[in-house]
Each structure stands twice: as C-alpha cells, then as structure tokens.
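Take a look at the structure set out below.
Order of the sequence lines sets the chain letters (A, B, ...), proteins ahead of strands, with each chain counted from 1.
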Protein chains: 2
Amino acid sequence: MLTKNEIKFINSLKKKKSRDLNDCFVVEGKKSISEFINSKYDIVKLYSINKFFFKNIKNHFQIDYELLKKISSLINPDDHLAIFKKREIKSIDYNSLIIALESIRDPGNLGTIIRTCEWFGVKQIVCSKDSVDLYNPKVIQASMGSFSRININYLDLKPFLQASNLEIFGTALKGESIYGLKSKINSGVLIFGNEANGISSELLEIIDKKITIPRSKNQQFPESLNLASSLAIFLSEIKGKFS
Amino acid sequence: MLTKNEIKFINSLKKKKSRDLNDCFVVEGKKSISEFINSKYDIVKLYSINKFFFKNIKNHFQIDYELLKKISSLINPDDHLAIFKKREIKSIDYNSLIIALESIRDPGNLGTIIRTCEWFGVKQIVCSKDSVDLYNPKVIQASMGSFSRININYLDLKPFLQASNLEIFGTALKGESIYGLKSKINSGVLIFGNEANGISSELLEIIDKKITIPRSKNQQFPESLNLASSLAIFLSEIKGKFS
C-alpha cells in the first residue's frame, strides 16, 4: 500500500518544479526501467504489479493495478514504475556531431529525437534553456531507453555556438538541398528550430550553412515536416548512409 | 452560449463510436480548419473566440475561451473548433506508391505519417482495420492539414495485397539496406508494421522484398526507430532524393 502522501509525491513528479526540487524523475515500463538500471542510474523506489521480474532492488514494492493507475502518466500503465535519482550531466563532447535544439516544445518530439540520435550514433544533444524538460515523462517514454545513454545539456545556445569554434549547420525551409551534400558531417553543430517557428533570426545569423529537405515537386503542402521526422531524414543522409 | 447537450455532443466526438454514428469529426485551429474548408469538406458548425477570421460560414458561433476549453481536446485550445461532415472515401489509386500500415496504434504517428506522405508526394495510404481511427483528433492535429488531401482506406490488408498484383515491399529490422536501393520506387506497396511488433508473420510471408534502415555500426541500441521517423527516412530515400 501507498499512503496518500506517497501517491501525491509520485504524481508531483509529473511537474518539472517537483523533479528539480527532489532531484528525481519517473520511468515507466519494464524495458525502459531496465535500461536505466543498466546505465547505472540510482533507483530510489520501484513499484511493480509483479515483483519477480526485477531482482535485488532495495525499496521495491508490490502494488496492484488500480494503484499503479493512480500514479502512472500512461493511459495503459505498463506493470512497473520507478523513481530514479537524476544524475550529474557530463560536460559536452565536442569531438563528434552535436545536435542543437532551439525552443523545442513537444516532449514526444524530444524523446523521439533522442532515440533517433542513438540509432545513428549521435551522442550529444544541446537544448536551449526554454526547451521542454528532459525529465518530462513523455520524453522518457518516447526515447525508449535511449535517454539513459545520450548526453543532453541545457544552455544558452547563442553564446555556446559563438564560443565553440565549430562549423554550424542550420536546418531551414530554404537552404542547400540535403541531397546535394557530398560528404558525411562528422563534427560541428546541426541546429533544429522550434516546431512552429523554426530557427530564430538571432541564431540564423551565425549559421555557416543552411540545409533543407526539399518538398516533392508539384507539392505545395504541407508547410513543413514534423521536427522529429525531419531530424530522422537529416541523420539518415549525413550519418546513416555513410556508416 | 452552448447548451449542456451541445457541449456533451461535441465532447462525444472524441470517441470513434460517436463519430461513426454522427458521421462527423472535429478539427481545431485556424490553419487546419482552413485547409479542410479549402479541400471542400462540408462544415457542420464552427465555434470561434473571434468570428472575424472566417467569413460567410453558416452555423458560425462566437464563444468565449472558457467554453472553448470545455469542448477542446487541446491543453491550449487554438481559437477555433469546427465540426466537419465525413466524406465518402475515394477508391484506391493503384498508379503510384501505396503506403500500407498494419495495426498502427498511435494517433500522433498516423498524423505525422500523413503529413510526411504529402511532403514526398505520396497520396494513397491503406490501413488494416484494427488501426487507430483516422478521425481521432490527435491524428488530425498531427497531420497539419495534410489529412484533407490524402486518400486513406481501411481494409483487410492480406486479401488486398494478394489481389493487388503489386510489388510488395516490407520494412523490417532485417532486410536489404535502404541505402543500397538503386532506383526510385514509383509503384507498389510499402508496408509498415505495428509500433511494438512490426509486420505480422501473416503479412511477412507475402512480401517480395524486405528493406531495412541499418543502425549505425557500434550501436546496439535502440531496438528500433519510431514508426513515423522510419517512414520519413524511407520516403526520403525512395522518393525525396529522386525528385
């Protein structure tokens, strides 16, 4: 059984304020929880419908499905819910391609982007400070465990980019066609803008090269691609096909 | 003002049963509503915070934001909410590439897929009958208007594929690399499986060629890509780069 206060505490972790205050976050589902454990995240508490799957976990509690529903963010909760301790974020790795996300809003997009980055071997993401919180349950859900293996830093993008001395690529609706690029992009920063507005004029100024995914000829619509889908195409073109 | 029954009716349209029964569906936001109007969908009712944007619409009602919140599916409602009449679905166009979706579950994925298909000039999607409903508000939201211009049919995939005489391509975790394909795929059917399980063994049997997006070397994770991201990469490779 869980006390009312415990239920309230777990639900409070759906909000960034409480995650920051308590320095922990929620992960749901056998697979994702396993990947955080494998990545050596410290588990604070684990709640399971069936305790047999996870062994030798301190603070492991058996609960019933009705109770799980009360603490889960999912419509169909997935048997296990864990609270993990946040971890200190590593310093930025400048030696390989960095993905920069400006003012990304949709947690599903960020989670999907993390998953796609890992698929194509990109290990470093930087987000502007006004981006959606990394520990949002929907980010973790959509990242399918990749979250636990990718380094993500929040910072002021403009000074970071200006100080970095890296080549800066920007994805935009007008720019050089991605299909015309001759070589793999192994280093530098590739910036993606906000879902509705793209890259801000402030950042557009400091971009060395704008790249675009051309829409099919004869098509006037849609105005743009989904952000995570667009990133998938970019990484496929600049990483995937060369690996 | 709206009566309690009207509010109840509009909210009932979040469920497939009521959409089927009443033969109508909800679209939210200025941009999406405009695109359905431009695509000659019949509008049943339109509710606006500010009536000036849409002109000459019968059954157009001014409401306040508090009321809009009561009928909207969005956390931050977007000024306008319309009810449209469903339209008879056109028969399948066999002359260009058809995207087949088996047991797709996530409405956000389906909406994003519709948007990406239009971007790359694919106009025909077929879904297995157990797939998420096309008129789900999240499908419409994520499709960003492309919904109104793409033909989507629900059917039993296996008999359809067997009777079609088309070349059948399947996306799978093991198959020929997408980067090795020599030519554009202009016709035939490209099948994508369910988010969690991929293509069923029943359909795998009748596929002529399996294609895969290889994961970066040295990467063991994630297990798969997001469905909509995977489709984006496929269409980019087989359509985008040839157009």
Side-chain angles (χ1 to χ4, degrees), chain A residues 31-32 35 38-39 76 105-106 108-109 111-123 138 142-150 177-181 195-196 213-237 239-243, chain B residues 31-32 35 38-39 76 105-106 108-109 111-123 138 142-150 177-181 195-196 213-237 239-243:
Chain A
K31 221 153 136 182
S32 290
E35 301 204 32
N38 291 340
S39 296
N76 302 307
R105 290 280 182 268
D106 183 298
N109 271 342
T112 303
I113 284 172
I114 292 168
R115 181 177 174 190
T116 307
C117 279
E118 188 182 30
W119 184 272
F120 287 115
V122 171
K123 303 278 177 68
K138 287 183 189 164
S143 90
M144 300 293 275
S146 293
F147 181 99
S148 67
R149 294 178 294 267
I150 301 288
S177 166
I178 178 84
Y179 304 118
L181 293 182
E195 285 91 343
I213 301 165
R215 187 166 42 209
S216 178
K217 274 174 205 148
N218 313 320
Q219 288 302 122
Q220 291 181 289
F221 297 105
E223 277 183 19
S224 63
L225 282 165
N226 163 272
L227 176 56
S229 296
S230 156
L231 176 128
I233 294 171
F234 272 100
L235 292 193
S236 169
E237 276 298 311
K239 302 286 284 183
K241 71 177 189 188
F242 297 101
S243 80
Chain B
K31 220 155 137 182
S32 291
E35 302 204 30
N38 290 340
S39 296
N76 301 306
R105 290 280 182 268
D106 184 297
N109 271 342
T112 303
I113 285 172
I114 293 168
R115 182 177 175 190
T116 306
C117 278
E118 188 182 31
W119 184 271
F120 287 115
V122 171
K123 303 277 177 67
K138 287 183 189 165
S143 89
M144 300 292 276
S146 293
F147 180 99
S148 66
R149 293 177 296 266
I150 300 289
S177 166
I178 178 83
Y179 305 118
L181 293 181
E195 285 91 343
I213 301 165
R215 188 165 41 210
S216 178
K217 274 175 205 148
N218 313 321
Q219 288 302 123
Q220 291 181 290
F221 298 103
E223 277 183 21
S224 63
L225 282 166
N226 162 272
L227 177 55
S229 295
S230 155
L231 175 126
I233 294 171
F234 272 100
L235 292 193
S236 169
E237 276 298 311
K239 302 284 284 183
K241 72 176 188 188
F242 297 101
S243 79

Hey, which of B/S143, B/A228, B/S224 has the most heavy atom pairs under 4.5 Å with chain A?
B/S224

Pick from A/G145, A/G108, A/G121, A/G111 with the largest number of heavy-atom pairs that fall under 4.5 Å of chain B
A/G121

When heavy-atom pairs shorter than 4.5 Å are enumerated against chain B, which of A/Q219, A/R115, A/K217, A/K31 gives the highest number?
A/R115

Contact part of A/P222 toward chain B, heavy-atom cut-off under 4.5 Å: side chain, backbone, both or neither?
both

With a sphere of 6.0 Å drawn around NZ of B/K241, does it hold more than 12 non-hydrogen atoms of other residues, nucleotides or ligands?
yes

Pairwise distance [atom1]([X]) to [atom2]([Y]) - rounded to 0.5 angstrom:
| X | Y | atom1 | atom2 | value |
| --- | --- | --- | --- | --- |
| B/I213 | A/T116 | CD1 | OG1 | 9.5 Å |
| B/E223 | A/E35 | CD | CD | 7.0 Å |
| B/I114 | A/N226 | CD1 | CG | 12.5 Å |
| A/S229 | B/I113 | OG | CD1 | 8.5 Å |

If you take all heavy atoms of A/F221 and B/R149, which pair is closest and at what distance?
CB-NH2, 3.1 Å

Closest non-hydrogen contact found for B/I233 with A/S236 is CG2-OG, 3.3 Å

